[in-house]
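All residue numbers in this chain count up from 1 along the given sequence.
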Amino acid sequence: FVTQVARLLESGSSGLPSGVRDVLARRLARTTSACDEVLGAAAVLGTDFEQTVLERMLGSSVNDQLDEARAAGLIVPSEVTPGRWRFVHSLVQTTRYELLATGQRAKLHREAVHAFRSLRGESPAVLAHHAARGDFSPTETLPAELLAAAGEGALARLAWSDAIVAFERALQAAPPGEAGDVLRAETWLGIGAARLRRGDVDTRSAFDEAAALGRRSGRPDLIARAALGFSVGLGGFEVRLLDHHQIELLEEAATRLATDDPLLPLVLARLSVALAFVESADRRVGLAERAVELGRASGDPLALGNALAAWCDARADAEHVEARLVAAAEAIALASRAGDLPLELLARRLRVGALLERCDHAGAAAEIASYERAAAALGDPLYAWYGPLWRAALAAADGRYAQAKELLDLATDLGALGGSTNSRLLGHVAETMVAMDRRDAVAAHACLAAMVDVVPDILGPYHDIAAACVDAAVGDLERAGRALATLTPERLETLPRDSEWVCAFAQAAFAASRTGSAELVRYLRRELAAVADCGAVEGIGAYLHGSVHRFLATLAAADADPDAARAHAAAATLAVEGRGRVLEGLAALDGAWALAKSADPADLEASVRLARRAADSLSSAGLAKAANEAEVLAGVVVS
């Protein structure tokens, strides 16, 4: 203000204006009309501007006019970038912009769009800014396309609210009628993705709008993309379960797409995952295998990679651990070839789970490190929370509970930022199991209740199994027996043979062997025998219980089969050796309990050794109550 007033006085002006803008307007009015025209166009570009863009907008050289404006103290050249200028103050640019007539402004914004597009390299956000203010024809699609591109750019920056604003402006700018249907559909897909990632309650309506426009314009690909959009883009890192509306849209897309459409394997793969807890395993596997077949035929690495990931999800049973490792490794290679980090992370997540099921903690730790490097490169919290979750599980397996708690809190916070429901659920799962190992009944049941709040529709028998396991662990065998009374073999047969099955049956085995439920004990022995060498893993690696041999040992003891109990106890101990004090201690404790049921003096002697070993491991891991159980057991066996 002082500088511009001094310039007015120096030029011989009489009387001082009352405000800053009045001063600046007087200063600007003293330039020639040609200079003033150039400054008006420059003001449309912002406080900083490129001379080449300005000349492209006006269609002529502006050297003389810029020199005049510089001499008048209104602009200065950049000290860093040749050909770039800036107004001496943002108020100078703002004042000159406000002096433009409305129509003139709109025309200059339109010219700015064309200038930037002809020169290339400008950001989508800048183009969208000018497109929203230009005087384009209502039938032109360019403004809406540029605004939608800005929305996509905001999505890539994880700026969900900015993306929604840009997409909503694109909707307003789209031509009316059928001419703009496809563009509006694309825009609704963007709005849906941004709402989903922001955690909005209403995301379905955006995808439904896109699907409706796809039907009206005869574009099944838009219907397919709307169906796929329900789970954050084509990759579907987290697919909402029991979502029948999503399933209906996927089924519709699958029937409308041509066999050679590159979206069909993605739709079939997603449908296979979405049908978990809804359809039979056979149908899910069939869909995934068809997706793999189509993906291979298409030659599209992303289609095949996502199909392989869906196959791993459909074949999450223990019998296919090795095949899943191979399929996930192929998906990682395909993702690398396509430069698709979300697919790579999805495949690495599948490998981590399979390695933990093999009790291969070293291999899992190496894969977790690779996962975290890729997640850091992507920078999206939706993918970032899995690393801390898995590292928390490994820390808890060794009794490093303070570290595990910090990592679980980090995983939950990152998951919340990414809009993940799984992060909260698996955090409660891990905390429940820690409380159970600590023999803290109050905390364990509180965590179980929190799990129900997160996913009330899915838990069903899983909740009853976990509750019985917790009650048996804390010594409330009467309450555990009541929970187990509802878990008949017929009811357990309804559980899908997926990644949750081994852990659920292992927990049921822990409770059944303590309560003496003979029919259930024999049933669980038969079912778990085929997966004896597997690890019992909660969720997708939230918590580790050790080898299934640990639970078969107690079942064999309860079933009066000391030879089998002895063999399983030895195998359980060997499977977790060097994999964490808690896992070693719990395997030894359950082995000691199983051998204590035998009348063989050699078994009783081995039981005492295992119990004392369990007491040492559990005590060093901070599990005082469990360690005391082991010490009491050793004393009882001796006496």
Side-chain angles (χ1 to χ4, degrees), residues 389 392-393 395-413 421-456 458-487 500 503-504 506-515 517 536 538-539 542-546 551 554 580-583 585-586 589-590 593 614-615 617-633:
L389 176 82
D398 193 41
R400 292 176 278 117
Y401 290 116
Q403 182 186 5
K405 182 65 169 67
E406 289 179 3
L407 289 166
L408 279 178
D409 289 344
L410 175 60
T412 302
D413 290 344
T421 300
N422 276 348
S423 63
R424 277 194 300 142
L425 173 64
L426 294 177
H428 292 318
V429 168
E431 289 172 351
T432 300
M433 296 302 109
V434 169
M436 181 184 75
D437 290 343
R438 284 179 158 166
R439 307 308 193 238
D440 186 339
V442 174
H445 283 292
C447 292
L448 275 175
M451 288 167 55
V452 174
D453 289 340
V454 176
V455 284
I458 294 178
L459 290 177
Y462 297 105
H463 175 269
D464 296 337
I465 291 169
C469 186
V470 167
D471 288 328
V474 300
D476 192 342
L477 298 184
E478 182 179 346
R479 185 171 172 177
R482 288 198 300 271
L484 284 178
T486 69
L487 296 170
E500 310 292 337
C503 198
Q507 288 182 1
F510 182 92
S513 61
R514 265 70 175 180
T515 59
S517 176
E538 294 282 354
Y543 202 76
L544 312 175
H545 293 283
F551 303 95
T554 60
R581 292 170 294 174
V582 172
L583 293 184
L586 292 175
L589 177 58
D590 282 351
W593 184 91
S617 293
L618 295 171
S619 178
S620 68
L623 296 177
K625 290 184 178 180
N628 185 60
E629 280 181 29
E631 291 171 352
V632 169
L633 178 62

- Item | Set of ring pair (Phe, Tyr, Trp, His ring centres under 6.0 Å) partners for Tyr543, sequence neighbours left out | His545
- Message: Give me the atom names and distance for the closest heavy-atom approach of Asp398 to Ala621.
- Response: O-CB, 4.4 Å
- Query: Judged by atom type as modelled, is there a donor-acceptor pair below 3.5 Å linking the side chain of Arg439 to the main-chain atoms of Val474?
  - Reply: no
- Within-4.5 Å side-chain heavy-atom neighbours: Met436 and Gln507: no
- Apply the salt bridge (charged side-chain N to carboxylate O under 4.0 Å, His left out) test between Arg514 and each candidate in Asp590, Asp471, Asp476; give the one that qualifies. Asp590
- Message: Would you compute the distance between atom CD of Glu629 and atom CG of Leu623 and round it to the nearest 0.5 angstrom?
- Response: 10.0 Å
- Task: Decide yes or no on side chain to side chain contact (heavy atoms under 4.5 Å, CB included) for Leu389 and Leu407, but give the supporting numbers first.
- Result: CA-CA 6 Å; Leu389 176 82; Leu407 289 166; over 6 Å; no
- Task: Please report the shortest heavy-atom distance between Ala392 and Leu408, naming the atom on each side.
- Result: CB-CG, 3.9 Å
- Task: Applying side-chain contact (heavy atoms from CB on, under 4.5 Å), name anything that partners Glu406, two or more places apart in sequence or on another chain.
- Result: none
- Query: To the nearest 0.5 Å, what is the distance between OG1 (Thr412) and CG (Asn422)?
  - Reply: 11.5 Å
- Item | Least distance between heavy atoms, Val470 atom then Ala444 atom | CG1-CB, 3.5 Å
- Distance col, row Asp440:CG vs Thr432:OG1, nearest 0.5 angstrom, shows 11.0 Å
- Message: Just verifying a value: how many Å separate Cys469 SG and Asp464 CG, rounded to the nearest 0.5 Å?
- Response: 13.0 Å
- Scanning both residues in full, the closest heavy-atom pair of Tyr401 with Val582 reads OH-CG2, 3.3 Å
- Contact summary for Phe551 and Ala506, nearest pair of heavy atoms: CD2-O, 3.3 Å
- Query: Which heavy-atom pair separates Ala480 from Thr515 by the least distance, and what is that distance?
  - Reply: CB-CG2, 4.0 Å
- Task: State, yes or no, whether a side-chain contact exists between Tyr462 and Met451 at a heavy-atom distance under 4.5 Å.
- Result: no
- Spatial distance of atom CG (Leu477) from atom CG (Leu484) [nearest 0.5 Å]: 10.0 Å
- Query: OG/Ser617 to CZ/Arg581 distance, rounded to the nearest 0.5 angstrom?
  - Reply: 8.5 Å
- Residues that Asp409 engages under side-chain hydrogen bond (donor to acceptor under 3.5 Å, both in side chains), provided they are two or more places apart: Lys405
- Is any side-chain heavy atom of Leu618 closer than 4.5 Å to a side-chain heavy atom of Leu586? yes
